Amino acid sequence: MDIKITKTKNPGVMPKESELGFGRVFSDHMFVMDWEEGIGWHNERIIPFGNISLHPASTVLHYGAEIFEGLKAYRTESGSIQLFRPLENIKRMNTSAERMCLPQLDEDMALEILEAFVKLEERWVPYSFGTSLYLRPYMFGNDESLGVHTVKRATYMIIASPSGSYYKEGINPVKIMIENEDVRTVRGGTGYAKCGGNYAASTRAGERASKKGYSQVLWLDGVERKYIEEVGAMNVMFKINGEIVTPALTGSILPGITRKSCIEVLKSFGYKVSERLLSVDELIGALKEGKLEEAWGTGTAAVVSPIGKLMYDDVEYDVNGGKIGEVTQKLYDTLTGIQWGKLDDKFGWVYKL
Ligand SMILES: *Cc1c(COP(=O)(O)O)cnc(C)c1O
């Protein structure tokens, strides 16, 4: 593969690391390649970061043909740069692409592209623990016609944004509201695909929760509104009476790479981990009996996010006295330790550049 590189003539300024937020500042360049039916992927290029131009009838603007990924480039203490399970992101993007009738990526090629891009943007990977260069690969359909069909043209891009530590003031348990009006997705829908449309449809519930003073919603399944699915845009885990429980991947849940990694880490610690259906009644029952010991969300951005309060039917319940639990803390320390290169990578998850 031959990536054509056009370097920027106006290199940007890296903000102070203590002032980095999330997704507001972008690195100097972006990766772009095109796909056309019968031709395949072509015109791989890295160009200066900037606006793109789209035909007004472009598929993505009308029918939402868009999928994305999110992963980070981490700086280790020795100054080297590493990724965390990047092949998992590429495989998931292909699963999402299949669901949305977008073209497949060749895994090796996609990994090579990611590596070349991060190496070029090396100076944008911040140095402090907890900070990273957030990578956003995405793909969209851009047929220049309003006909509804499988796309015949698509674009794959990667942009990068230096990001601050998610927990600037330490890990604070969040307040979560159990949502019983909106649903995120349904089985048979697009819940397992990382597509923009899922986010568009779930924003309203998040906004409503935020107005009531909650940071996110806990989603229930779209068919019976009975089973726990995810928390905001994270997977969710509970420690109930000594057992770790996380919703099974029924098709309406996004298969998180952090979720998968947490399960492996927890099992290596000797915990019993069950991927199963968990009803809201069982959860509230456990809360009332004092058997819900810990609750947390998992995702690339926050790694793990402890849940300190849960609200259901206008009653607010405390989880672990509103404090971060022992398992949650251990998971956070282990995963971030591996990601930032402070701990031995005994699982073989790190991809060094
Ligand atoms: C991306 C995402 C997650 C977390 O996935 P990770 O691979 O752990 O970052 C969970 N739920 C939703 C809806 C997501 O979009």
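On a predicted model such as this, the values are computed, not experimentally measured, just so you know. Just follow the structure's listing: the first ligand is 1, and inside any ligand the first atom is 1.
In terms of polar-atom proximity, defined here as any N/O pair under 3.5 Å, G299 makes no such contact with ligand 1. When only interatomic distances are considered, the shortest N/O to N/O separation between G70 and ligand 1 does not fall below 3.5 Å. Considering backbone and side-chain atoms together, R259 places no N or O closer than 3.5 Å to any N or O of ligand 1.
With salt bridges taken as basic N to acidic carboxylate O contacts below 4.0 Å, none links E179 and R225. Residues R92 and E88 are not paired through a salt bridge, judged by the lack of any N-O separation under 4.0 Å between the basic side chain and the carboxylate. A salt bridge is absent between E326 and K239; no separation between the charged side-chain nitrogens and carboxylate oxygens falls under 4.0 Å. Salt-bridge formation is detected for the pair E282/R276: a Lys NZ or Arg NE/NH1/NH2 atom is positioned less than 4.0 Å from an Asp or Glu carboxylate oxygen.
In terms of modelled atom types and a separation under 3.5 Å, the side chain of D106 and the main chain of D108 share a donor-acceptor contact. A donor-acceptor pair under 3.5 Å is formed between the side chain of H62 and the backbone N or O of P56. Here the side chain of N43 pairs no donor or acceptor atom with the backbone of D34 at under 3.5 angstrom.
Heavy-atom proximity to G256, at under 4.0 Å, picks out these atoms of ligand 1: 5 (O), 6 (P), 7 (O), 8 (O). Applying the 4.0 Å criterion to heavy atoms of Y199 picks out, from ligand 1, the atoms 14 (C), 15 (O). Taking a cut-off of under 4.0 Å to the non-hydrogen atoms of I257, the atoms of ligand 1 that pass are 6 (P), 7 (O), 8 (O).
Checking R92, K194, R184 against atom 13 (C) of ligand 1, the nearest heavy atom belongs to R184. The heavy atom nearest to atom 3 (C) of ligand 1, considering only A233, C195, P255, S202, is found in A233.
Of all protein heavy atoms, the one lying nearest to atom 8 (O) of ligand 1 is T258 OG1, 2.6 Å. The shortest contact between atom 11 (N) of ligand 1 and any protein heavy atom is with E230 OE1, 2.5 Å.
With a 4.0 Å heavy-atom cut-off, ligand 1 is reached by the backbone of M234 but not by any atom from C-beta on. If you look at T300 next to ligand 1, the close heavy atoms, those under 4.0 Å, come from the backbone and the side chain alike.
No close placement of the F68 and F140 rings is indicated, their centers lying 6.0 Å or farther apart.
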